[in-house]
Structures are given as structure tokens and as C-alpha cells.
Amino acid sequence: MQLSISLLEITRAIDSWLNSAFHPHVAYGIELVLAGVAVILLVVAMAILMVYAERKLAGFMQMRLGPMRVGKWGSMQAVADVMKLLLKECLVPTNSDKLMFRVAPFVVTIVSFMTLVPIAFAKGIQLWDINIGVFYITAVSSLSVIGILMAGWSSNNKYSLLGAMRSGAQIVSYELSGGLALIVVVMMSGTLSISGIVQAQADGWWVIKGHIPVIIAFVTFIITSTAELNRAPFDLAEAESELTAGYHTEYSGMQFAMFFLSEYTNMFVLSMVAATVFLGGWMPFHLAGLDGLNHFMDYIPGIVWFFGKTFFILFLIVWFRWTFPRLRIDQLLKLEWKYLLPVSIINVLFAAFIALMGWYL
Amino acid sequence: METKDIKHDEFVINVGPQHPSTHGVLRLELWLDGEDIIDSKPHLGYIHRGIEKMSEALGYKQFIYLTSRMDYLSAHISNQACSLAIEKGLQIEAPARAQVIRVLMAELTRLASHQLWWGALGLDLGAVSPFFYAFREREMILEIFEETCGSRLTMNYITPGGVVNDLHPDFVKKVKKLIEQLKGNLHEYYQLLTGNVILQARTRGVGKLTAEDAVSLGCTGPVARASGVKCDVRKLHPYDGYDKVEFEEVLNDKGDNFARYWLRIEEMKQSIYIIEQLIDNIPEGSYREKLKGVVKLPAGEYYQRVETARGELGVYIVSDGKKEPYRVRFRTPNFSNLNALRPMLKGAKIGDMVSMMATLDLIIPDIDR
Amino acid sequence: MTKEELKSYLEKTFPGMTQEENIDFPVLWVEKDQIFEVAKKLKEDEATKFDFLFDETAIDWQTHFEMVYHMTSTTYRHDLEIKVKLEDRDDAELPSVEPLWKAAEMYENEIYDLFGIRFSGHPHLRRIFMTNEWKGYPLRKDYQDDDVISL
Amino acid sequence: MDVNKNPEPFPGEIFEDESGNTNFLVSNIDKLSNWARSNSLWPLTFGTSCCAIEMMSAASAKYDWSRFGFEVARATPRQADLIIVAGTITKKMAPVLKRLYNQMPEPKYVIAMGACTITGGPFFYNSYTVVKGVDNIIPVDVYIPGCPPRPEALLEGMMKLQEKIRHSRAYVIDKPKKKENDD
């Protein structure tokens with residue numbers, strides 16, 4: 001028996017009420033809007049939270065306090081920043097390609113929201129249980145490079161162009177290892193659907209069950225997702241000390257905030273994917289055979305598990321950022337093509353062999 | 001270079017005058033082929049304040065204070081250079097106590113300067129945290145300066161004939177505490193940055209400067225010493241009793257970015273060593289030779305070299321016997337060290353430019369004066 | 001070489017050139033047409049090897065300019081100061097020593113910028129500190145500027 | 001010296017219409033936007049000389065301007081709200097500074113840090129290249145004297161700027177006052 005009310009019951013209740021009150025088509029439309037609004041609110045709230053958390057964490061890592069004055073413990077700092085950006089003038093440079101310049105931030109933001117679609121937040125809480133969820137995420141998330149290239153090209157600024165080109169090279173290369181890392185788990189669980197992968201981890205997370213190949217895949221995935229996010233130590237696209245601000249050098253106000261938001265959204269999505277695929281998503285910590293432990297873990301609701309894991313990975317990514325120096329562009333590409341990609345390919349072969357023999361736990 | 005044709009796929013990019021990695025207002029014109037740098041050209045003068053011209057209108061005791069604003073991270077040492085040049089002209093020597101105080105202050109300045117460099121290097125290479133760790137000790141040093149000199153950055157403490165006022169009673173205690181802390185923290189520097197794989201990859205074998213080039217380009221200080229050129233003025237032309245203290249001239253023959261990095265870290269250890277020797281042996285006595293209100297140097301010319309945190313600073317005073325110098329010339333280390341940038345940049349990547357600028361440790365007001 | 005040895009060497013090698021000594025360095029006065037040859041000899045001669053030009057500047061004596069070269073040797077550690085008198089103040093020009101010491105490029109640019117002395121054979125003479133449109137040469141003694149308050 | 005123990009708040013205005021009532025919506029939006037703007041001042045990384053080092057000190061752990069939310073120093077003027085002119089401005093630099101200021105989106109603020117930026121400096125006022133006061137080039141909101149000012153002084157100056165922003169009006173537009181002898 002579960003004491004907590006699961007989110008699934010709440011959504012079911014809303015669904016049945018809407019269906020009884022309205023025509024099913026209308027109800028469906030309302031549900032779509034509600035879900036969309038919920039996701040956007042969640043992302044914006046999490047982005048604000050994350051900005052605050054990152055600044056606080058950075059502060060603590062650097063022996064200082066971080067934001068303190070706005071709200072209790074500076075808790076309203078990120079809110080103030082977002083509001084200021086909203087109210088700031090959006091400049092469009094005279095010699096830029098104005099249409100592309102204005103569209104680019106929307107492209108990047110929409111793409112990052114689109115990747116949220118197949119994520120399972122808790123048991124049954126999923127916008128679209130598509131049967132190719134993992135494939136969908138890898139395919140859609142790489143679209144953001146188009147927005148970045150658009151931004152860099154249309155700004156008519158050489159720093160922006162260099163930043164965008166770097167970003168393009170970086171995202172396209174790191175997609176490969178990232179995809180191969182996901183394939184390892186896909187092979188073992190035998191499904192591309194997110195809910196299927198989560199269900200397959202009911203008796204233990206893949207990172208434990210799949211031992212060596214999955215651990216290698218997990219590490220590869222964290223590295224590649226940091227690179228795909230353009231975050232330090234792979235933040236070459238915006239490398240502040242080299243290219244001032246990279247592809248968004250010319251963006252100001254809300255347009256800049258949208259790049260910022262999309263960066264954070266991508267960060268959540270990739271952390272959520274990592275949490276789902278490798279760390280069991282909303283599945284509690286289960287070990288085959290230990291029923292007492294498994295039963296105890298079930299008392300913690302799935303959404304707590306899910307966000308706990310997500311924040312753990314987010315913390316890792318933040319930790320990287322405030323610790324490592326930046327790589328150079330050729331070293332960055334060398335790391336991918338000479339180390340990560342061969343390792344991933346061999347790892348996939350190894351994982352295939354293990355999956356074939358059924359040697360995972 | 002002026003008439004250089006830009007080929008189809010090359011482009012020109014301006015780095016600076018407002019750019020985070022130029023540490024001020026240097027402007028570099030880069031010819032790029034994608035990420036590769038074909039050629040570069042520095043544009044100076046964005047902070048040219050005419051210090052040499054202004055010195056001609058000020059008295060001997062006054063123009064010293066302009067030099068604090070030149071290489072503001074080696075303010076003590078610049079003041080020391082001018083004071084020594086004037087003392088040479090007056091044929092006096094600072095009292096023993098003043099000399100020791102000067103050396104102590106100079107070495108503390110060197111420590112503070114190298115720490116700022118270390119933090120800024122981290123910032124340039126994209127690691128933010130070292131900056132804060134570097135400023136932890138730097139602030140302690142600045143506190144010591146403040147107590148004795150009354151100012152944090154532009155001290156104006158060393159004056160012809162000695163130092164302006166006596167040491168603060170807490171000076172010895174605080175310096176000892178600082179040294180204790182620094183010794184422990186140099187290990188932290190290693191953990192945070194020196195031992196990092198990425199830092200090593202970014203600096204090793206990058207920005208090579210051969211000894212011949214270093215000599216021909218007029219490089220001094222850590223930049224030249226990292227290429228194996230012996231040029232420490234403290235050893236070659238000892239002043240203010242540097243010949244009485246023991247220390248090593250750190251040398252490296254690799255000549256790349258990491259050599260310069262390593263050398264500065266080692267120099268910090270040497271500075272600590274010098275301070276350790278002197279801190280318990282500050283002689284008693286007067287801290288300043290009393291000079292006349294208006295100093296006049298006999299006609300002639302006086303050249304004084306000192307070793308700042310960035311290399312050899314030469315002060316060249318031409319006197320015509322009046323109360324103002326006829327001509328003052330500062331041979332600043334950064335001006336010549338900047339020369340090394342162009343040969344290094346050829347064929348490098350944009351990312352390398354940042355690490356080269358960081359390890360050259362340029363102070364732009366010192367170049368422009 | 002010690003100061004005395006250097007002096008006798010200079011007397012022997014460059015007869016007819018005036019020598020002086022100030023508190024720091026031995027000084028050699030050179031005619032402006034000969035500066036390049038003298039510098040080349042001093043740099044390349046095994047006995048002197050002045051391979052490090054650590055300073056190059058000019059002094060405006062109102063009637064004439066004086067070029068000052070400070071050089072040292074990284075092998076022998078002896079220093080030398082070379083001086084050149086430039087009589088023609090309005091059209092001062094002398095050979096550049098840039099082919100010998102690359103450091104001279106920037107020094108000579110600076111002297112050109114602030115004194116208006118031209119250097120023949122310099123690869124790229126330009127105003128490095130002031131803008132190209134700047135009138136006058138600030139370090140000359142007769143430089144006039146509205147912003148400078150003369151006392 | 002006569003020190004004012006309780007300084008008056010920064011000169012501000014109460015936005016009221018003819019009947020003496022304040023417009024609730026507009027003045028509250030104004031308050032909100034001023035709150036956001038004053039608490040999120042992102043400086044441009046712009047420093048020319050000595051004062052820039054003290055600006056860096058203000059960012060360091062001991063002084064830590066991130067407590068006020070200033071730590072997001074942007075390298076590009078497009079994303080900065082505040083330009084701290086730290087250091088001497090020469091005639092060659094002046095057009096660059098002006099351009100940087102023009103590149104910044106509204107609302108934008110300027111702090112003149114140090115004696116050199118305020119007047120041309122305690123030493124460099126008599127130089128042929130130095131601009132005598134940055135307010136000859138761009139409008140300045142807050143002046144911080146000192147050579148260089150201490151980091152505390154910079155923080156105080158930035159807090160003064162916050163106060164100034166809080167008392168400014170962004171969306172309330174003055175109605176033209178009726179002339180007394182309106183025929």
C-alpha cells in the first residue's frame with residue numbers, strides 16, 4: 001500500500017472530470033494546452049531555480065556567499081535577472097539579417113522544449129509515450145545547432161560566426177558518441193520507448209545491472225552531453241575570454257534570455273535523459289532479491305526519485321563548469337574523434353555481446 | 001603587413017581594445033584562416049598617458065608617483081627603481097633598514113602580482129575558481145601593504161633616501177602568518193590548476209619562444225627566463241642588498257607556455273624564501289635619509305635597472321641640473337615582452353592566443369605609459 | 001669584458017669615434033650614417049657580442065636630437081651606450097637597427113611616434129601610440145597642446 | 001566635520017496625477033521594474049588601468065559583489081546594463097568607449113570609478129592625451145572618487161546606483177503641466 005497520492009491519480013482525476021464536463025475533443029484540446037503550460041512553467045521555474053542554485057554553488061565552491069541581498073539568501077536574484085532581461089531593449093544590429101536574427105532564439109528555444117515531450121517525470125506522467133522516445137530526443141536535440149548557426153550567421157559579427165561554427169562542429173561530433181552511449185542501454189532493454197526503458201529498470205538501474213558497458217556509456221554520455229550543452233569545459237561556442245560571448249554576442253534582452261533559457265532547458269533534458277536511461281528514471285532504487293529494501297524505497301514517490309537523480313547530474317555538470325579550464329577547439333575534436341568515438345564503438349560491440357549472452361544482472 | 005592582401009577565405013578580426021583576455025586595452029589585429037592565426041599586429045596607445053612628458057614638468061620627488069600607475073601590480077618596484085636612480089644621482093644610499101624594507105616590499109609585490117596573474121590565467125583559460133583562490137592570499141598581502149603604506153594598490157611608499165614611514169608594528173607577525181598560509185596553499189594551486197590535464201594540454205608545447213628570439217626581441221623577466229636566458233637583474237646588477245640574500249634564478253629551457261607558468265610558480269617560492277630570510281633580520285635604525293625639500297641632480301644621465309614582476313624596468317634620467325628632470329625614459333618590461341607575441345601567434349589557434357597573452361602577463365598601462 | 005677592456009677595445013676598433021663615460025655605462029658617440037655598421041660590428045664580433053638591445057630612445061636638446069642605444073651582451077654581461085647626434089631637427093632620419101635586433105622595431109616606432117625621427121630601412125614605421133591624425137610629436141620640448149597647462 | 005547621520009533618500013518623486021492620486025498599476029509596474037533593474041546590474045568587463053584591478057578585487061571572495069547580483073560580468077556590451085569606467089580614458093580610447101556605450105541596450109548606467117575617469121586624474125590632468133572627465137563623452141550616473149577607490153567604495157557606489165534606479169521612473173510619463181495663466 002502506498003501512502004502518498006501519486007501524480008498519476010491527480011492527472012487521471014483531471015482527465016475524467018474534463019471528459020465528463022466537455023466533449024472529448026474539447027477536453028483533449030484543453031489537456032494539451034494544460035500540459036504545454038505545465039511543462040513551460042516547470043521549465044521556467046526550474047531554469048530560475050537552476051540559475052540561482054548554480055550561482056550559489058559557484059559561490060560555495062569559491063569560498064564566497066553568492067547572491068545574498070535580493071530576498072532571503074538571495075533567493076529572488078534569478079527572478080530579478082529574468083525580469084530585467086524581459087524589460088530590456090532588444091537590439092537588432094543594422095547590418096544583420098534581421099529576420100534570421102529574430103527567428104534564431106525562437107528556433108533554439110522551441111527545439112529545446114520539443115525534447116521534453118517524451119520524458120517520463122513520474123509513473124504515468126509523460127506527455128507522449130512514443131515508442132521511439134530515445135531516438136526522438138537524440139534527433140530533435142541536434143536541431144538546436146541550426147538555431148545557433150542562424151544566430152551566428154545573421155549577427156554579422158565575426159565573433160558570433162566563429163562561435164557558431166565551433167558550436168556546429170562540436171554538437172555534430174559529440175552527437176555520435178552520445179547516441180552510441182544510449183544505444184548500449186537500448187540494446188539491453190530492447191526498447192526505444194522511454195517508459196519501456198524505465199520499466200526495464202524495475203529490478204535495478206541499468207548503471208548497476210549493466211555493469212561495465214553501461215558505466216562506460218554513462219560516463220561517455222555525461223561528457224558528451226556537457227559538450228552538447230556548450231558548457232565548460234566545452235564552452236568554446238561562447239568562450240568568454242576568446243570570443244566575448246560567442247554566437248550570442250549581438251543578442252540582448254529577451255532574445256539573449258531565450259538562448260540562456262534554452263541552454264538551461266537542454267541541460268535539464270539531457271540530465272533527465274541520463275537519469276532515465278542510466279539511473280532508472282522515476283524508478284526507486286531497487287536491487288533484485290532484496291524485497292525489504294525495495295519495499296522501503298517504494299515509499300519515496302517517483303517524482304522525488306526522478307528529480308533527485310536529475311539534480312544529481314545537474315550538480316555534476318555545474319561542478320565541471322566551476323572546476324575545469326576550457327579545451328581548445330582541436331583538442332575538443334580530438335577528444336571526440338580519437339578517444340570517445342572509438343571507445344563508444346567498441347563499447348557498443350561489447351554491450352551487444354553481453355546483451356546477446358544475457359550476462360547483465 | 002600593411003599592404004597584405006586578404007585571400008578569399010581569410011578574414012581580419014579585432015581583439016580589443018575592450019576584450020576580456022587582453023587584460024586592459026590592447027588591441028590586436030588578427031588575420032585568421034578559420035581558427036588559425038596567420039599574422040597579428042598590436043595597436044597600442046589606448047592608455048598612453050604621456051607619463052614621460054609629464055615627468056619633465058615635475059620635481060624629482062614628485063614624478064615617482066606617476067610610476068605607481070604604470071605597472072600598477074609592481075608599484076613598489078617601480079617606485080624603487082626611480083628612487084634608486086635619484087639616489088645614484090645624489091650619490092647617497094638608503095639606510096640598511098630601508099633597504100631591507102624595500103626588498104621585503106618588492107618581494108611581497110612580486111607575490112601579489114604573480115597571484116593575480118595566476119588567477120587571471122585561470123579566468124582566461126575558462127576556469128573561474130582559481131581567480132578566487134588567488135585573491136585569497138593577495139588580499140592578505142594588500143592588507144599588509146595597507147597597514148604600512150596606507151594604500152592597497154598604488155602605494156607610493158618607497159621614496160628617494162628610503163621609505164616614507166616606518167613599518168607597522170604588526171608587519172612582521174602578519175608576514176609570517178602569510179608565509180605560513182602561502183606555503184600550504186601553493187599545493188592547492190597545483191591541485192586546482194597546475195596538475196590539470198586540460199591546462200597542461202593547453203600550455204605544453206604552445207607559444208614556443210626560442211632563446212635567440214627572446215634575446216633579439218628584448219624580452220626580459222619570466223618570459224625570457226622560461227626560454228633559458230639569464231636576465232634576473234637582482235642577480236646581474238644587485239641593488240638594495242639583493243646580493244646579501246640567497247635565492248635562485250629560476251630558469252627553464254622549454255620556452256613554451258607551461259615553462260612560463262611553471263617559472264612564475266617557482267618564482268613565488270623563491271620570493272617566499274627571500275622574505276623568510278629577511279623577515280627576522282630587519283635591522284634597527286632610521287628608515288629614511290633626510291633629503292632636501294627640492295632635490296636637484298647634477299647634470300648627467302643616470303640609468304637604473306630593477307627586476308619587476310614582469311622583467312627588467314629601466315629608469316633613464318637625463319638631468320640638466322635643474323629641479324626637474326630634463327628627460328625621463330622608462331624602459332618597461334611589458335613593452336618588449338609584447339614583441340614576443342607576434343612570432344608566437346603565427347600558426348597558432350585563437351584559443352592559444354588567450355593562453356599566450358595570459359602567460360606573457362602583459363600590463364597594458366606599462367606598455368603605453 | 002670589464003669597462004676598461006671594453007673601452008680600449010672600442011678605441012682600437014673604432015678609431016676616431018669619441019668616447020665618454022657616465023656613471024653607468026661607457027658611451028660611444030657615432031655618426032648617424034655609421035650607426036648601422038658600428039652596431040653590426042658590435043653585435044657580431046665574437047669579442048663583444050652585444051646581442052641584447054635593451055633600450056633605444058631619443059632626447060630632444062632643442063637644438064638637436066640625441067639618439068641613445070643601450071645594449072648588453074648576454075654572454076659577457078658588459079653594457080654599452082651608443083649615442084648619435086642628429087643635427088637636422090625638422091628632417092631627422094637615420095638608419096634603422098631593426099635588422100640586427102628585432103626589439104628595435106617597436107622602440108623605433110615609439111621614437112617616430114613621439115619625436116618624429118624617421119628610420120630608413122624600418123619595415124613598417126607607424127604611429128603606435130597616437131592616432132594617425134595627431135599633430136605634432138609630444139615628447140619634443142616645443143610641443144604645444146591646448147590641454148597641457150604650462151606653468 | 002558636519003556629517004549627516006541620517007542622509008535623506010536619493011531624490012525621488014511621487015508619481016501622482018492632477019487629483020493627487022497615484023496610479024496604482026503604473027506605479028507598481030514601475031516599482032517592480034525598478035526592483036528588477038536595480039538588483040540585476042550586469043557590468044561590462046571594461047577596465048583600462050589600475051582601477052580595473054580594484055574592480056577585480058571587488059569581485060573576489062573578500063568583497064564579493066555577487067552578493068548584490070553584480071557578478072554576471074558580460075564581455076559583450078549587448079548584454080550589459082552597467083559600464084564601470086575603471087581607469088584613465090585617453091583621447092584614442094574615447095571613441096571606443098562612446099561606441100561601447102552606444103552598443104548597450106537601454107536602460108544603461110555608467111559608473112565613473114576613480115579620479116582619472118572623473119576629472120582626468122590626480123596626476124594625469126596635465127597630459128596631452130587624457131580626457132579630462134569621462135562625462136565629456138558619456139553621461140555618468142555615479143562618481144566614485146579615489147586613486148584607485150577601495151572595493152568597498154565601488155560597492156557603495158553600486159548601491160547608490162541601485163538606490164538611484166529604485167527612485168527613477170520608467171513607465172510613468174509626465175503629463176504636461178497646465179500653465180497658470182492659460183488663456
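Per chain, numbering begins at 1; letters A, B, ... match sequence-line order.
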Of the backbone (N, CA, C, O) and the side chain (C-beta and beyond), which part of [X] lies under 4.5 Å from a heavy atom of chain A, both, or neither?
{"X": "B:L123", "result": "backbone"}
{"X": "B:V128", "result": "both"}
{"X": "B:D124", "result": "both"}

Can you name the one residue among B:Y261, B:W262, B:Y189 that meets side-chain hydrogen bond (donor to acceptor under 3.5 Å, both in side chains) with B:T194?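 Going through the options one by one, the only one that passes is B:Y261.
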Are the side chain of A:K72 and the backbone N or O of A:M68 linked by a donor-acceptor pair below 3.5 Å? no
Is the Lys NZ or Arg CZ of A:R64 less than 6.0 Å from the centre of B:F132's six-membered ring, within 45° of the axis?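 Yes, a cation-pi geometry holds between A:R64 and B:F132.
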Atom pair [atom1] ([X]) and [atom2] ([Y]), whose distance is rounded to the nearest 0.5 Å:
{"X": "A:L340", "Y": "A:N347", "atom1": "CG", "atom2": "CG", "result": "11.0 Å"}
{"X": "B:L108", "Y": "B:L178", "atom1": "CG", "atom2": "CG", "result": "6.5 Å"}
{"X": "B:R260", "Y": "B:E267", "atom1": "CZ", "atom2": "CD", "result": "13.5 Å"}

Is it the side chain or the backbone of A:I329 that comes within 4.5 Å of chain B heavy atoms, both, or neither? side chain
Heavy-atom contact with chain B under 4.5 Å, split by part of A:Q331: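 Only the side chain of A:Q331 comes within 4.5 Å of chain B.
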Salt bridge check: are A:D81 and A:R55 linked by an N-O gap of less than 4.0 Å?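 A salt bridge is present here (some side-chain N lies under 4.0 Å from a carboxylate O).
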Do the charged groups of B:D361 and B:R310 touch, with an N to O distance under 4.0 Å? yes
Could you name the residues of residues 142-164 of chain A that have a heavy atom within less than 4.5 Å of a heavy atom in chain B?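 At a heavy-atom separation under 4.5 Å, chain B is reached by A:K158, A:Y159, A:L162.
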Of all of B:L199, B:D352, B:V15, which one pairs up most often with chain A through heavy atoms under 4.5 Å apart?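 Winner by heavy-atom pair count: B:D352.
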Which residues pass the side chain to side chain donor-acceptor pair (under 3.5 Å) test with B:D213, not counting sequence neighbours?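 Listed in chain order: C:K102.
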Answer yes or no: does atom CZ of A:F315 have more than 12 heavy-atom neighbours from other residues, nucleotides or ligands under 6.0 Å?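 Atom CZ in A:F315 is crowded, with more than 12 foreign heavy atoms closer than 6.0 Å.
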Is there any residue in residues 109-121 of chain B with a non-hydrogen atom under 4.5 Å from a non-hydrogen atom of chain A, and which ones are they? none
Between B:R27 and B:N14, do the side chains contain a donor N or O and an acceptor N or O under 3.5 Å apart? yes
Would you list the pairs meeting side-chain hydrogen bond (donor to acceptor under 3.5 Å, both in side chains) in which at least one residue belongs to residues 164-177 of chain A, sequence neighbours left out?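 Passing the test, one end in residues 164-177 of chain A: A:R166-A:E242, A:R166-B:E35, A:S167-A:N230, A:Q170-A:N230, A:S177-A:E336.
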